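Inspection log for the structure reproduced underneath, given as structure tokens.
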Amino acid sequence: MKAGIKVFAPATVANVAVGFDILGFALEKPGDEIIARFADTPGLRITKVTGAKGKLPLDIEKNTAGFAALKLLEHLGEQQRGVELEIHKKMPFGSGLGSSAASAAGGVMAVNELLGRPLEKRQLLPFAVLGEQVADGAYHADNVAPSLIGGMILIRSNETLDVHRLPVPAGIHATVIYPHVEILTKDARNVLSNTVTLKQCIQQTGNIAGLLAGLYQSDLELIARSLNDVIIEPQRARLIPHFQEVKEAALKAGVLGCSISGAGPSIFALSANSLIAEEAGLAMKRVFDEAKISNDLFVSPINQEGAVKL
Ligand code: HSE
């Protein structure tokens, strides 16, 4: 067997309360590991998947990592190259942590590294987005972009992939709790109304503008006032058992804000420092523990690196 390249692509929190489909940030962990190696037989193949409980298709066209990698190889005119991928899922599906996006980001990153890095990381984004689209049918980069390039990312336009890194005040930590109930992104998108009122639009644009101003000015109080989703969270909260109690526990522990991570069921909070983030995590966890809902807790700074070669 030929030697391979191994990459790590991190989990992400999409939406960040007020930026539905246009904001996301990366966590330090969990994440997926993807190995790419050359093979003598032409074409791209997925040879191994672990950690997916048989749920991931090996068919390239139906696999987020495989499809993203294929589109990259086609773009580079290298589709006849013999390339094998191994996908090691180290994070849950349907969790709201950008599992499919991490695989897509990892897939393009691994193949690009294997080929000697013909493209810059940012140039890999369109192919990773096409991969993620295989999973939920929608074309949005709010998980893929931070998983690939790291940081807190604003996607001004998903159509043109006009993607910008936002500053994050020193010390800010994320808390994410994943209750073990499955919500498929497709289903969580289907519950959403296609219309918003003018009042909601004004409130939400005020909040997203406030969040951006707060991030640029390191104004934690402004960030806290702005992390208030008046459009998506009220429609999705009922899909997540004990959401309001968990949010109240987090706010009581002193977080800046708390909302649904991506399409859920994970719930995230942002805090001024790691101490508050840890304490909030324990308080959030207690709610699910008492309700006998098994869960995983992650506390992490914002990962500024994104996908990396290991
Ligand atoms: N922005 C997306 C959503 C993220 O909330 O549906 C999940 O892929």
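Read the numbers this way: they start at 1 and go in the same order the structure lists the ligands and their atoms. This one's a predicted model, so the numbers in the text were calculated from it and none came from an experiment.
Using a 4.0 Å cut-off between charged side-chain N and carboxylate O, Arg37 and Glu86 make a salt bridge.
Residues Thr50 and His88 have side chains that bring a donor and an acceptor to within less than 3.5 angstrom of each other. Judged by distance alone, the side chains of Ser103 and Lys89 do bring a donor and an acceptor atom under 3.5 Å apart. For the residue pair Ser294 and His180, a side-chain donor N or O sits within less than 3.5 Å of a side-chain acceptor on the partner.
Among all protein heavy atoms, the one lying closest to atom 8 (O) of ligand 1 is His140 CE1, 3.1 Å. Among protein heavy atoms, atom 3 (C) of ligand 1 sits closest to Arg189 NH1, 3.3 Å.
Ligand 1 places these atoms under 4.0 Å from at least one heavy atom of Phe20: 3 (C), 5 (O), 6 (O). Of all atoms in ligand 1, numbered sequentially from 1 with element shown, those under 4.0 Å from a heavy atom of Asp142 are 1 (N), 2 (C), 4 (C). Ligand-side atoms of ligand 1 in range of Asn15: 1 (N), 2 (C), 3 (C), 5 (O), range being under 4.0 angstrom from any heavy atom. Of all atoms in ligand 1, listed by their number and element, those nearer than 4.0 Å to a heavy atom of Gly262 are 5 (O).
Of the heavy atoms in Asp21, both backbone and side-chain atoms come closer than 4.0 Å to ligand 1. Residue contacts with ligand 1, taken as heavy atom pairs separated by less than 4.0 Å, involve Asn143 solely via side-chain atoms from C-beta onward.
A heavy-atom distance below 4.5 Å is not found between the side chains of Glu279 and Leu282.
By the 30° and 60° cut-offs, the orientation of the rings of His75 relative to Phe127 is tilted.
In this structure, Arg236 has a heavy atom closer than 4.0 Å to ligand 1.
Nearest heavy-atom pair, Glu74 versus Gln79, reported as atom, atom and distance to 0.1 Å: CA-OE1, 3.6 Å.
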